[in-house]
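Just below is one structure, and these are the notes that go with it.
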2 protein chains.
Amino acid sequence: MTTLLTLNCTLLLGALAWGQTPPQLNLMPMPSTVQAGSGQVLIEQSFSVAVTGFHDASLERGIRTFEARLSRQTGIPFRPSAAKSGATLTIHADHGREAVQKAGEDESYELAVAESGAKLTAPTPLGILHGLETFLQLVQTTPNGFAVPAVAIKDQPRFPWRGLLIDVSRHFIPLDVLKRNLDGMAAVKMNVLHWHLSDDQGFRVESKKFPRLHEMGSEGLYYTQDEIREFIAYAHDRGIRVVPEFDTPGHSRSWFAGYPELASGPGPFTLETASAESVTDPTREETYNFLDKFIGEMARLFPDAYFHIGGDEVNGKYWDANPKIQAFKQAHGMKTNQDLQAYYDQRLQKILAKHHKTMIGWDEILHPDLPKSIVVQSWRGQASLATAAKQGYSGLLSHGYYLDLMWPAARHYAVDPMSDAAATLSPEEKKSILGGEACMWAEWVTPENIDSHIWPRNAAIAERLWSPQEVTDVDSMYARMNAVSLDLEWLGLTHRSARMHMLHRMAGAEDISALRTLADVVEPEKDYTRWDESKGGIDFHAPLNRMIDAVYPESDVARRFGSLVQAYIQSGYKDQASEAQIRAMLTAWRDNDAKLHALLQQSFLLQETAPLSEDLSALGVAGLQALDALAKGEPPAESWRAQQLTLVERARTGKADLFLMIVAPVKQLIDASASPAKSN
Amino acid sequence: MTTLLTLNCTLLLGALAWGQTPPQLNLMPMPSTVQAGSGQVLIEQSFSVAVTGFHDASLERGIRTFEARLSRQTGIPFRPSAAKSGATLTIHADHGREAVQKAGEDESYELAVAESGAKLTAPTPLGILHGLETFLQLVQTTPNGFAVPAVAIKDQPRFPWRGLLIDVSRHFIPLDVLKRNLDGMAAVKMNVLHWHLSDDQGFRVESKKFPRLHEMGSEGLYYTQDEIREFIAYAHDRGIRVVPEFDTPGHSRSWFAGYPELASGPGPFTLETASAESVTDPTREETYNFLDKFIGEMARLFPDAYFHIGGDEVNGKYWDANPKIQAFKQAHGMKTNQDLQAYYDQRLQKILAKHHKTMIGWDEILHPDLPKSIVVQSWRGQASLATAAKQGYSGLLSHGYYLDLMWPAARHYAVDPMSDAAATLSPEEKKSILGGEACMWAEWVTPENIDSHIWPRNAAIAERLWSPQEVTDVDSMYARMNAVSLDLEWLGLTHRSARMHMLHRMAGAEDISALRTLADVVEPEKDYTRWDESKGGIDFHAPLNRMIDAVYPESDVARRFGSLVQAYIQSGYKDQASEAQIRAMLTAWRDNDAKLHALLQQSFLLQETAPLSEDLSALGVAGLQALDALAKGEPPAESWRAQQLTLVERARTGKADLFLMIVAPVKQLIDASASPAKSN
């Protein structure tokens, strides 16, 4: 018996033989359709793969990588020389994929698992790669062995463009770190790495035509052209396109370090925050000669059809301050700096077209003088995207997907490229919304903690861009995201392990259990509140080794505590299982500061968190008193409640750029205890 | 004020400003002399290194590696371009080191740290490398920043040969895993990697002269000659010699897969356990022609002056079964197979001498016909070593240092190359004992868990071979070893993290806290009891993903519990701090099976551990009852005690090849509770 499962709730298989509680399918992103069967395929040492239909070296590499990962995940060394009588998994692709992966290329696949074996079919190896990731997510530990449940999956992406931007300018990110992030992207079926390769703080690509770009603009931290070619091949083998971004005419101080003549104002320019600032001079023909040669070189290096020129946040004051540029504007009848930028972008677009590239840029490049072929990436929102679409421009959504804002996964998950203004578009106009990109801006991340700022939250965005629009159940998303998060560790991602290393460093001690209890319930400052102009320029060479740099952007413990409190209150204080868990958590917090106090004082990196630890224990006490009152049904004195609310106000305030995320649910308990009958 | 500290107790600095309790110096191996000063040097972003005296590219690489590690350890990105006014650390080497590192080369160094800066001096960069490791171990997290305390260290090794054998035949270990182990060896000042490159189960080196060796003897898992050259250079940069071992005439089935004519008996030979067995035929001249060419090739590939030919465990039955070999023995007047092996070893030694190599072999090569230049590595013990020394042979101790026996660190630590029979040697004879080697035989390890089988216990052996003989305090050793263990994680070693991955795999779940509680108190079977002949041959392709493969060889939790029980009993049951900790641990164990039971049933890999989990909870109950009785001073009924001893007997029995290591201390509590007055 098979059942067609609905998509917007956690998938549970009812017909399986392996336990009292049927296991959840931890698929993320959720496929288009999933039909559960009965039975399972065991993954044993005899596991084998057979390929029928199309076959090439890239598919072969994909299968070898898959086998190695399955081996790592299960601890079973498959025998390379084992005889293959009746393969466990049969793979069939109809024909080959594009030599250079195209936006919109068919990515669909079908995966059928039955007792007799699994069959994965797809039009091209691109779909096969996605299906292999699905297969890996299906592998479960059961009483009888590692197994994949019988299931029939038909799957294809909702949007053709599902990207992750990684900024390697503000902090250089080495290729091994990027590669493991490509592995993570492939695991959640993202297909575009948007490589933000230059900005004020660093120019990260070797240029043979203009070597002073990387020599003077990178402090020695750049990728060679050979490395880039190898990296692009690595991405291609994982079904991922690499789109380069060279931001211009703003965000380009690093270009000017070696080529100050490109700037609108006087230097000298260095990578330091204290250096002179400027933007590119769009009035000199030499600028376009430079760009033509440079883009020609980069167009050969990066095979993707798209080329990102940035174009965002151009500060017009540097143009205003240059009399020659003012004269140029006047001579050409330009009224605003926007007009001047449009002129620049048009020139750029022609150069790109000459080199067979399609231009992408941020919202600011949108101007009626630009051809409809360009793609607008929106950091402003769906309205901006809808405006572009109505004018016939293609677009990508990034507003709402900025990972550096430290939002919870659910908040990103709720952002849909087709919502708000975009929902009002005609079906034809909607086609021009190609998808979206998560953005990992690197002001506050290093190779050490970038993984934990991308993962696992990026998996929620990946699901938004791949899965049907109706897949929106947040509890299901969190359950599956947490499972995928564990899987990602097998790829070498350090989003969980790095925190432990960093806590050990701060503590300078082996036993960090109490420190971890504190770290588990705090979250960093949200949005861009960590820094403001009053603090001066950001020092991009400063150590990022504080608690704020170590903790997860989202506290899973606090989220679960909130859910428990919710369930307990909604039960009319009768849900004893929830109460017991709440009590255990509050007790641990109450007792934590006593364990932690001395350690915090002994470390210059931890001293700033001492008030947080004290607040946590105070909240534990308050929460337990409220819980006792609720359990007994005896409201506490009004004076007690007033005291507690003072505490809550104090605890709500950020300290050490961190927030205690259990304040709100503890307050709920306090409020409820004052008038328990109301909720009853 | 400075104080000369004694060496055989934990080092405490009395004169430091940074806290109520002076921090311990976590140096391992303990230097020859350590003199504490007052004050400290802060490690900040301005940290800089200046080199005076000798300077070459290898020293430069050593310093760059040191800086990168200091940066990782502190999270501080040092500025490559920072101006250097008054270096934090000044390095001075008198002259260069040998191009090919020699056994006995001067490894001494002096490190002086004062408020004004640190100075590291050594005869050669070899000592500098060791001193830089000491410096890294001195870095501490303090209330004022990362700091190195003022100290004056003069250091040199006790033995010139401090090795680690890694067997890459039984399970192939990739170079990246070996490299991080080289990093770990350098951190604890070991200076020889003994690379066990061939055995029955695999021949792991590319041979251009005899390509069927690696083609047919490795299942494709071997190192190319280019890789080996690069690896040896990597080791050299870390002050480590690489000594190759090609085991012959026994342990050599993998040679016969491609060259069956070398064997004493008929094949066919494969790498499988079920394959025909044999040993090399020492009677054919073709064998020596082969070995001459092969050793010539390998002598050029491996620059070290020593070459290990194995020579152990030669099974004479294969010679007895061959009439031609019997005839040869008779013709040459050889009475025993030992004589025949001595003939073979003599021929081998002449070939090695021709290629400018000194022969090393296991105990069995010791024979009066062999020249005094050979080195005997003893798996048999100090008596064997002493016998060799008296005959004028050099020796290395490995008996007592076999990491695969799963002994606790303290047991290895107690083994001294100069003890027992070796203690009776004359001073001159003692010089021929060059040191020792830890041995990581790879029957039961894979790239996934080899780190945890080597580390941190290998650090205790490293200390035995480097530090003065009087350094024997076990508590100090454990305290420092645990600190070093954390440091080793910064080198990428996975001795701690792999266990978590493996527990997650077995559990197939995110929350593994209860599973970890169980894993924390068990140890694997000791010695070679995991396997015996009755189980047939070991399948070297079988998965090693059970609990026994995941847990640490030594339970730190059980060791600490034992110490607490000891302290509590010795206090006459008055030590309340110990009692509280004992109670907390017993309570957690008592409650653990209830949390864990369902999880264990759902995983085929965990089911076998269910009885252990039940025993653990029962021991928790029994221990708490005993503790209550002791606290009240009321002996329990004799019937209760009898019941508990039945439980103890049951819990003492190994299950799933694991032992609960808290049985003995719980029994101590039970015994004590029956007659508390006795211990009072």
Side-chain angles (χ1 to χ4, degrees), chain A residues 18-21 23 44-45 71-82 139-146 171 219-221 446 448-449 482-483 485-486 489-490 496-497 500-502 504-510 540-546 549-550 556 598 601-607, chain B residues 18-21 23 44-45 71-82 139-146 171 219-221 446 448-449 482-483 485-486 489-490 496-497 500-502 504-510 540-546 549-550 556 598 601-607:
Chain A
W18 66 53
Q20 299 87 330
T21 48
E44 294 172 318
Q45 208 166 358
S71 182
R72 212 177 314 151
Q73 202 172 315
T74 58
I76 301 173
F78 304 118
R79 298 294 300 276
S81 57
V139 177
Q140 292 169 328
T141 310
T142 79
N144 305 314
F146 292 109
H171 283 91
E219 297 180 302
L221 300 171
T446 69
E448 182 172 50
N449 70 358
N482 285 340
S485 180
L486 271 183
E489 289 259 319
W490 293 111
R496 294 164 59 99
S497 58
M500 298 303 284
H501 286 300
M502 294 176 82
H504 275 300
R505 171 197 291 150
M506 287 187 278
E510 197 199 355
F540 289 94
H541 297 96
L544 295 181
N545 56 7
R546 293 167 57 210
D549 303 305
D556 207 52
Q601 297 310 320
Q602 300 213 355
S603 163
F604 74 110
L605 289 169
L606 290 177
Q607 283 161 351
Chain B
W18 64 56
Q20 299 88 329
T21 49
E44 293 173 320
Q45 208 165 0
S71 181
R72 211 176 314 150
Q73 202 171 314
T74 58
I76 301 173
F78 305 118
R79 298 293 301 276
S81 58
V139 178
Q140 291 170 327
T141 310
T142 79
N144 306 315
F146 292 109
H171 283 92
E219 297 179 301
L221 300 171
T446 68
E448 182 173 50
N449 69 358
N482 286 340
S485 181
L486 271 183
E489 290 259 320
W490 293 111
R496 295 164 60 98
S497 58
M500 297 304 283
H501 287 300
M502 293 175 83
H504 276 300
R505 171 198 291 151
M506 287 187 277
E510 197 200 353
F540 289 93
H541 297 96
L544 295 181
N545 55 8
R546 293 165 58 209
D549 303 306
D556 207 52
Q601 297 311 320
Q602 299 211 358
S603 163
F604 74 109
L605 289 170
L606 290 176
Q607 283 161 351

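Computed over heavy atoms, backbone and side chain alike; hydrogens, waters and symmetry mates excluded. Naming: A, B, ... by sequence-line order, numbering from 1 per chain.
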*asked:* Using heavy-atom distances under 4.5 Å, tell me whether A/T74 contacts chain B through its side chain, its backbone, both, or neither.
replied: backbone
*Please flag which part of B/E489 lies under 4.5 Å from any non-hydrogen atom of chain A: side chain, backbone, both or neither.*
both
*Do you know which of A/S71, A/A483, A/A542 has the most heavy-atom pairs under 4.5 Å to chain B?*
A/A542
*asked:* Check the orientation of B/H501 and A/W490. Use parallel for under 30°, tilted for 30 to 60°, and perpendicular for over 60°.
replied: tilted
*For A/F604 and B/F146, which heavy atoms make the closest approach, and how far apart are they?*
CE2-N, 3.4 Å
*Toward chain B, the part of A/S497 with a non-hydrogen atom under 4.5 Å*: neither
*Go through the atoms of B/R496 and report whether side chain, backbone, both or neither lie under 4.5 Å from a heavy atom of chain A.*
side chain
_Can you tell me which portion of A/I76 sits under 4.5 Å from chain B's heavy atoms? Options are side chain, backbone, both or neither._
both
*Pick one of side chain, backbone, both or neither for A/A509, based on which atoms fall under 4.5 Å of a heavy atom in chain B.*
backbone
*Side chain, backbone, both or neither: which part of A/L606 has a heavy atom under 4.5 Å from chain B?*
neither
*For chain A, the option from B/G220, B/G508, B/G145, B/S485 that forms the most heavy-atom pairs under 4.5 Å*: B/G145
*Kindly say whether B/R72 contributes a backbone atom to a donor-acceptor pair with the side chain of A/R505 at under 3.5 angstrom?*
yes
_chain B contact via A/E510 - which portion, at a heavy-atom distance below 4.5 Å_ = both
_Please check: side-chain N/O of A/T141 versus main-chain N/O of B/Q602, any donor-acceptor pairing under 3.5 Å?_
no
*Heavy-atom distance under 4.5 Å between the side chains of B/P77 and A/P543, does that happen here?*
yes
*asked:* Between A/M506 and chain B, with a heavy-atom cut-off of 4.5 Å, which part of the residue counts as in contact: side chain, backbone, both or neither?
replied: backbone
_Under 4.5 Å from any heavy atom of chain A - which part of B/Q607_ = side chain
